[in-house]
Amino acid sequence: MMLPTATATAVFLTAAPSSFSTRRRRSRAIFASLSPSFSSSEEPLLVRAARGEDGLPRPPAWMMRQAGRYMAEYQALAKRHPSFRERSENTDLIVEITLQPWRAFAPDGVILFSDILTPLPAIGVPFDISDSKGPVIQSPVRSKEQVRELVPIDLDMLQFVGESLKILRNEIDGKAALLGFVGAPWTIATYIVEGGMTNTYTNIKSMCHTAPDVLKGLLSHLAQAISDYIIYQVNSGAQCIQIFDSWGGQLPPHVWEQWSKPYIKQIVSRIKKECPNVPLVLYINGNGGLLERMKNTGADVIGLDWTVDMTDGRRRLGNGISVQGNVDPAFLFSPLPVLTDEIHRVVKAAGPKGHILNLGHGVLQKTPEEAVAHFFDVTRRLRYDTLFQGSVAEELHHVA
């Protein structure tokens with residue numbers, strides 16, 4: 001039976017490592033020092049940056065894989081709850097894990113602790129998670145009959161997501177943006193067709209040619225379900241949504257244009273109609289060859305991985321769209337002054353408008369928590385008026 005939230009929080013805090021009280025005192029000091037732009041009377045800095053608003057004091061910052069294995073507090077919790085499915089499908093655990101980095105580092109964005117595969121059972125695709133193999137789908141979907149057996153997403157099966165977002169929105173209380181996220185249709189289809197993780201993508205790539213109607217049917221079904229899931233997250237409190245097309249970068253650009261982009265555009269178009277005030281971030285790992293194509297999906301923000309130079313990315317995308325990224329996660333293992341310099345370099349390259357500072361990929365395992373704290377401390381001290389003093393921001397134009 002699920003504990004009431006207040007009781008569950010007390011249990012978690014009692015069981016937390018001894019260093020937690022020190023972190024909590026530090027977090028209180030950080031929260032007390034937050035500028036008025038973080039008050040609940042205004043929209044969070046991250047949402048405003050995603051929209052490309054002028055006049056922001058600094059870039060907001062959060063990290064992909066913000067909660068998780070690099071934190072000692074998470075590791076202690078994971079020992080008590082070794083099942084990832086439990087951790088990501090139990091409201092009290094979701095809330096606690098999501099808030100761990102928020103309490104410790106006070107990022108400008110707090111992202112729901114979940115997984116892109118979480119909604120699969122709600123469309124009729126059960127899955128397990130193996131410690132050695134990762135996600136395992138026992139019956140990969142590769143035929144018309146199997147696609148026809150998929151069902152419209154049953155949001156009642158995902159109430160733990162909605163409940164968690166509602167609690168988190170209240171806990172954060174306007175001091176940061178609450179982010180939800182989904183997987184893009186191509187990426188989710190990759191798992192469903194391959195039956196789990198893959199290094200080759202041979203089954204789904206071959207379906208583009210051997211069973212295109214089956215693949216189109218699957219992707220269309222997923223686009224509808226993912227759109228419904230985004231709307232559900234927004235109605236539950238999410239203020240910004242990131243779409244992860246994690247395996248889109250494994251496709252040649254012209255193939256991504258045919259088999260991934262149309263379904264992302266379908267999602268974006270619907271969300272823009274039904275949730276027009278909620279910014280959408282599109283991230284693809286290995287997206288250097290896709291930037292211009294990504295812009296044309298209609299997403300508000302394009303996430304850059306660290307293999308794209310921020311200056312080049314801005315030049316290619318132009319200043320009519322916001323960007324996110326893109327510090328190499330490995331810099332968090334560098335001396336702190338080196339990390340500081342890299343943060344400054346990326347922010348200067350991105351310019352004083354429409355930039356969300358992030359890593360170019362997720363936080364790596366064993367990343368020092370001190371470095372994560374430093375990343376956010378440096379960002380909070382940044383000021384555009386000082387960083388760009390005496391310089392004129394170059395007008396950027398999209399390169400056709």
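Sequential numbering from 1 along the given sequence is applied to the chain's residues.
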Problem set entry | K353/E53 under salt bridge (charged side-chain N to carboxylate O under 4.0 Å, His left out): CA gap, chis, key distance, verdict | CA-CA 7 Å; K353 176 183 175 181; E53 290 187 19; over 6 Å; no

For this session: Determine, step by step, whether H221 and L150 satisfy the side chain to side chain contact (heavy atoms under 4.5 Å, CB included) criterion, reporting the C-alpha distance in whole Å, the side-chain angles of both residues, the deciding distance to 0.1 Å, and the verdict.
Result: CA-CA 8 Å; H221 189 93; L150 299 177; 3.6 Å; yes

Exercise. Can you check salt bridge (charged side-chain N to carboxylate O under 4.0 Å, His left out) on R270 and D228, steps first, answer last?
Worked result: CA-CA 9 Å; R270 183 171 171 210; D228 290 342; 2.6 Å; yes

For this session: Assess whether side chain to side chain contact (heavy atoms under 4.5 Å, CB included) is satisfied between I167 and T91, documenting all intermediate values.
Result: CA-CA 9 Å; I167 295 168; T91 298; 3.8 Å; yes

Exercise. What do the steps show when you test L155 against Y232 for side chain to side chain contact (heavy atoms under 4.5 Å, CB included), and what is the final call?
Worked result: CA-CA 8 Å; L155 296 172; Y232 177 67; 3.9 Å; yes

Problem set entry | W62 and L357: CA distance, side-chain angles, deciding distance, side chain to side chain contact (heavy atoms under 4.5 Å, CB included) verdict | CA-CA 7 Å; W62 68 282; L357 185 65; over 6 Å; no

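At least one donor-acceptor pair under 3.5 Å links the side chain of K295 to the backbone N or O of L317. For H355 (side chain) and P60 (main-chain N/O), no donor-acceptor pair under 3.5 Å exists by modelled atom type. Formation of a donor-acceptor pair under 3.5 Å by the E163 side chain with backbone atoms of F160 is not found in this model.
To the nearest 0.5 Å, the span separating CZ on R85 from CD on E89 amounts to 4.0 Å. For the atom pair CG (L280) and CZ (F181), the distance works out to 15.0 Å, reported to the nearest 0.5 Å. A distance of 7.0 Å separates CG of D173 from CG of N170, quoted to the nearest 0.5 Å. Remark: I192 CD1 to N203 CG distance equals 13.5 Å, nearest 0.5 Å. Taking CG from L46 and CD1 from I356, the interatomic distance works out to 4.0 Å, rounded to the nearest 0.5 Å. Here OG1 of T190 is found 7.0 Å from CG of L251. Values are rounded to the nearest 0.5 Å.
For the residue pair T187 and D245, a side-chain donor N or O sits within less than 3.5 Å of a side-chain acceptor on the partner. Using modelled atom types and a 3.5 Å distance limit, the side chains of D115 and S88 yield no donor-acceptor pair. Checking Q242 against Q324 by side-chain atom types alone, a donor-acceptor pair falls below 3.5 Å. Donor-acceptor pairing under 3.5 Å is recorded for the side chains of H374 and T340. Between the side chains of S206 and T202, not a single donor N or O lies within less than 3.5 Å of an accepting N or O.
I204 is connected to V214 through a chain of hydrophobic side-chain contacts under 4.5 Å among Ile, Leu, Val, Met, Phe, Trp and Tyr, so both are in one cluster. The hydrophobic clustering, which links ILVMFWY residues whose side-chain heavy atoms are closer than 4.5 Å, places V125 and M157 apart. Using a 4.5 Å cut-off between side-chain heavy atoms of Ile, Leu, Val, Met, Phe, Trp and Tyr, with links allowed through other members, L222 and Y201 fall into the same hydrophobic cluster. Under the 4.5 Å side-chain heavy-atom criterion for grouping Ile, Leu, Val, Met, Phe, Trp and Tyr, I284 is not connected to W306 through any hydrophobic cluster. Hydrophobic clustering (ILVMFWY, side-chain heavy atoms < 4.5 Å, transitive): I343 and L364 are in distinct clusters.
In terms of heavy-atom proximity, G298 sits nearest to K272 at O-CE, 3.9 Å. Closest approach of F376 and A61 over heavy atoms only: CE2-O, 3.5 Å.
In this structure, V161 and S236 have side chains that are not in contact, with every pair of non-hydrogen atoms separated by 4.5 Å or more. You'll find the side chain of W186 stays beyond 4.5 Å of the side chain of W256, heavy atoms only. Residues S322 and D300 fail the side-chain proximity criterion, which asks for heavy atoms closer than 4.5 Å. Counting only heavy atoms from C-beta outward, the side chains of V193 and P140 never approach each other to under 4.5 Å. Residues S227 and Q266 are not in side-chain contact: their nearest non-hydrogen atoms beyond the backbone lie 4.5 Å or more apart. Within the 4.5 Å cutoff, side-chain heavy atoms of E73 are placed close to those of E96. Side-chain contact between L112 and L179: absent, with no pair of heavy atoms (C-beta onward) separated by less than 4.5 Å. Using a 4.5 Å heavy-atom threshold, the side chains of T307 and N326 count as separate.
Between R345 and E342, at least one side-chain nitrogen of the basic residue sits less than 4.0 Å from a carboxylate oxygen of the acidic one, meeting the salt-bridge criterion. E257 has a carboxylate O that lies under 4.0 Å from a charged side-chain N of R293, or vice versa, which qualifies the two as a salt bridge. Salt-bridge formation is not detected for the pair R316/D309: no Lys NZ or Arg NE/NH1/NH2 atom is positioned less than 4.0 Å from an Asp or Glu carboxylate oxygen. For R148 and E145, the salt-bridge test passes: some basic side-chain N is under 4.0 Å from an acidic carboxylate O. Looking at R383 and D385, no side-chain N of the basic residue comes within less than 4.0 Å of a carboxylate O on the acidic one, giving no salt bridge. Salt bridge status for R87 with D92: absent, with no side-chain N to carboxylate O gap under 4.0 Å.
Judged by the 6.0 Å and 45° rule, R65 forms no cation-pi pair with F113.
In this structure, K348 places its NZ atom where only 12 or fewer heavy-atom neighbours from other residues, nucleotides or ligands lie under 6.0 Å away.
Ring geometry for F388 versus Y384: interplanar angle of 30 to 60°, hence tilted. Ring planes of F244 and Y283: perpendicular class, angle over 60° (limits at 30 and 60°).
The only member of K175, R51, R48 that meets salt bridge (Lys or Arg N to Asp or Glu O under 4.0 Å) when paired with E43 is R51.
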